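Report on the structure given below.
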Amino acid sequence: RRPGETVAGNLELPPVEIVDMRLELHRGRTSIISAPLHELIERTVAAREQAILFLNRRGTATVVLCRSCGDALTCPNCDVPMVYHQDRGRLLCHRCNHRELPRQACPRCSGVLNYFGAGTQRVEEEVKAQFPGARVARWDQDSVRRQGGHERLLRAIERREIDIVVGTQMIAKGLDLPMVTAIGVVHADTMLHLPDFRSAERTFQLLTQVSGRAGRRAGGSRVIVQTYSPDHYAVRAASRHDYDGFYGEEISFRRAHRYPLYSRLAR
């Protein structure tokens with residue numbers, strides 16, 4: 001079956017592979033593109049098919065993660081991730097305004113803490129450096145304004161003038177791109193550790209939605225999700241397309257911490 005050829009019947013969602021970025025670091029690979037994702041992109045471009053690299057962050061919202069155990073620093077009151085504000089030199093909770101000085105080590109395992117803030121522009125630069133022969137385009141609010149709108153970018157992809165698309169949630173929903181056979185989620189953690197009690201729900205939604213951009217016409221597509229939290233229930237459930245499993249875990253979290261649907265929040 002040729003790429004892009006329509007098949008009869010309903011296509012299943014493509015298989016999702018989780019890459020533990022902690023293991024990548026232990027193996028000495030510090031690139032934001034893991035070895036499995038690099039191999040997938042390389043094969044996709046060689047086959048004259050298209051790949052989407054998804055990162056739901058334009059700017060540099062900073063998440064503090066332990067490189068050893070993968071834990072994020074969380075608020076002791078709200079159990080949502082703290083955010084590092086460089087201008088104030090403080091870790092802040094965006095829900096209750098709890099503040100702390102930056103920590104030197106992980107409180108759980110004493111591992112090294114890293115302050116992650118890569119956005120789509122940095123990913124685009126790295127992809128161009130690693131795949132110099134590929135045609136790369138960035139699809140986020142900044143590039144859309146500069147390049148003449150969504151329609152122009154979409155037409156370029158459909159005409160196969162682009163091999164690799166690096167984008168935010170703008171590319172996760174509703175697009176029907178028959179030649180896209182590979183999806184890479186660069187950092188699932190940027191969504192998972194947002195300072196919001198709904199971050200797991202939104203992570204599950206976006207991972208499921210972006211997985212659906214691949215394999216729109218034929219089987220054989222693949223999705224790779226890179227994360228420092230491979231055991232998180234939202235990531236595990238999304239990799240299996242398991243809504244019921246995710247709902248069971250998430251509703252227990254909401255009940256334990258008195259978050260909606262078990263309460264109302266006022267600001």
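Since the model is a prediction, treat every value here as computed from it, not as a measurement.
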Return yes when atom [atom1] of [X] has more than 12 non-hydrogen atoms of other residues, nucleotides or ligands closer than 6.0 Å, and no otherwise.
X    : atom1 : result
F253 : CZ    : yes
R108 : CZ    : no
R48  : CZ    : no

Is a side-chain N or O of [X] found less than 3.5 angstrom from the main chain of [Y], in a donor-acceptor match?
X    : Y    : answer
T74  : P81  : no
R236 : F246 : no
Q50  : I157 : yes
R22  : C69  : yes
H187 : D189 : no

Same cluster or not: [X] versus [Y], using hydrophobic residues (I, L, V, M, F, W, Y) connected whenever any side-chain heavy atoms lie under 4.5 Å apart?
X    : Y    : result
V112 : I32  : no
V180 : L154 : yes
L23  : V19  : no
L265 : I251 : yes

One pair to check against salt bridge (charged side-chain N to carboxylate O under 4.0 Å, His left out): E161 and R135. What are the steps and the verdict? CA-CA 7 Å; E161 297 170 359; R135 297 165 297 177; over 6 Å; no
Just wondering, do [Y] and [X] contact through their side chains at under 4.5 Å, heavy atoms?
X    : Y    : result
D244 : D242 : yes
V223 : V210 : no
Y84  : L92  : no
C106 : L73  : no
V225 : V16  : yes

From [X] atom [atom1] to [Y] atom [atom2], the distance as rounded to the nearest 0.5 Å:
X    : Y    : atom1 : atom2 : value
M179 : D163 : CE    : CG    : 10.5 Å
F204 : H232 : CZ    : NE2   : 12.5 Å
I224 : I183 : CD1   : CD1   : 11.0 Å
L192 : Y233 : CG    : OH    : 8.5 Å

Show which side-chain atoms of residues 255-263 pair as donor or acceptor with protein atoms under 3.5 Å away, not counting sequence neighbours.
| unit_1 | atom_1 | unit_2 | atom_2 | d |
| --- | --- | --- | --- | --- |
| R255 | NE | Y262 | OH | 3.4 |
| R255 | NH2 | Y262 | OH | 3.1 |
| H257 | NE2 | D79 | OD2 | 3.4 |
| R258 | NH1 | Y262 | O | 3.4 |
| R258 | NH2 | Y262 | O | 2.7 |
| Y259 | OH | C78 | O | 2.6 |
| S263 | OG | R258 | O | 2.5 |

So, [X] and [Y]: side-chain donor and acceptor under 3.5 Å apart, yes or no?
X   : Y    : result
E24 : H26  : no
S31 : Q130 : yes
E49 : T44  : no

Considering the options Q226, E126, M21, which one meets the side chain to side chain contact (heavy atoms under 4.5 Å, CB included) requirement together with V186?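 It is Q226; the other options fail the test.
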Can you tell whether the side chains of R198 and E201 come within less than 4.0 Å, N to carboxylate O?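 Between E201 and R198 there is no salt bridge, as every charged N stays at least 4.0 Å from the carboxylate O atoms.
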